[in-house]
Amino acid sequence: KRGSILASVGAVRHDEGKCIPCLFWFRGLCTKEYDCTYCHMVHQGQTAKKIRPSKRTRDLWKSQIESPEEIREKVVQHLQESKATANGDLPSVDPEQAGFWLE
């Protein structure tokens with residue numbers, strides 16, 4: 001509209017219904033403010049949508065997840081260390097028996 005102040009660059013076509021709502025603004029998380037190319041105005045029926053992390057972020061998370069074998073090894077090591085501390089010696093622990101932690 002003429003003489004009105006836009007909430008963001010992306011809100012230019014809001015009155016025509018040809019804008020795309022900013023998911024981050026709706027949640028109060030948009031850091032681009034006025035320069036955002038998405039609309040910073042309330043849309044009819046707008047609800048909070050799940051913001052999916054980028055593929056790069058998801059791949060990073062996957063790389064940080066340990067495999068069951070790595071977890072089992074850590075459990076065995078922990079059991080051996082805790083028993084060695086209590087008894088003063090290093091008992092043997094069967095890795096197959098330590099697997100019950102993961103089942």
Side-chain angles (χ1 to χ4, degrees):
K1 292 179 181 178
R2 193 170 218 191
S4 65
I5 299 173
L6 293 176
S8 66
V9 172
V12 170
R13 302 184 81 185
H14 180 82
D15 289 339
E16 301 169 24
K18 296 182 179 179
C19 61
I20 301 171
C22 178
L23 298 177
F24 296 99
W25 173 81
F26 187 75
R27 291 179 170 229
L29 301 172
C30 187
T31 58
K32 296 179 183 178
E33 299 175 356
Y34 179 79
D35 294 327
C36 184
T37 56
Y38 294 95
C39 185
H40 284 193
M41 297 179 78
V42 178
H43 292 77
Q44 184 176 3
Q46 185 174 8
T47 59
K49 294 182 181 178
K50 181 178 176 184
I51 300 173
R52 183 178 180 183
S54 68
K55 180 161 175 43
R56 181 178 176 189
T57 301
R58 294 190 318 268
D59 287 343
L60 177 65
W61 288 347
K62 284 180 188 176
S63 72
Q64 294 174 348
I65 296 174
E66 296 176 345
S67 69
E69 292 79 22
E70 291 172 322
I71 295 171
R72 181 176 287 126
E73 287 174 19
K74 286 184 178 184
V75 168
V76 169
Q77 182 180 4
H78 174 73
L79 290 173
Q80 288 175 338
E81 290 172 356
S82 63
K83 286 184 180 181
T85 303
N87 300 336
D89 62 330
L90 187 63
S92 61
V93 176
D94 182 14
E96 292 302 318
Q97 290 178 346
F100 73 91
W101 292 98
L102 301 174
E103 296 172 357

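Along the sequence shown, residues are numbered consecutively beginning with 1.
Taking CE from Met41 and NE2 from His43, the interatomic distance works out to 8.0 Å, rounded to the nearest 0.5 Å. Remark: Lys32 NZ to Cys22 SG distance equals 8.0 Å, nearest 0.5 Å. A distance of 13.5 Å separates CZ of Arg52 from CG of Leu23, quoted to the nearest 0.5 Å. Note that CD of Glu73 and CD of Glu69 are 8.0 Å apart. Values are rounded to the nearest 0.5 Å.
Below 30°, between 30° and 60°, or above 60°: for Trp25 and His40 the angle between ring planes is below 30°, a parallel geometry.
Counting only heavy atoms from C-beta outward, the side chains of Pro53 and Trp61 approach each other to under 4.5 Å.
Closest of all the heavy-atom pairs between Gly10 and Cys19 is O-CB, 3.5 Å. The two residues Asp35 and Val9 come nearest to each other via the heavy atoms CA-CG2, 4.1 Å.
Checked against salt bridge (charged side-chain N to carboxylate O under 4.0 Å, His left out), Lys55 has the following partners two or more places apart in sequence or in another chain: Asp59. Ser63 meets the side chain to side chain donor-acceptor pair (under 3.5 Å) test with no other residue; sequence neighbours excluded. Remark: Glu70 engages Glu66, Ser67 in a side-chain contact (heavy atoms from CB on, under 4.5 Å) (not counting sequence neighbours). For Arg13, the salt bridge (charged side-chain N to carboxylate O under 4.0 Å, His left out) criterion is met by Glu16, not counting sequence neighbours. Every residue was checked against the side chain to side chain donor-acceptor pair (under 3.5 Å) condition with Thr31, not counting sequence neighbours, and none meets it.
Applying the 4.5 Å side-chain rule to ILVMFWY residues, one finds Tyr38 in the same cluster as Ile20.
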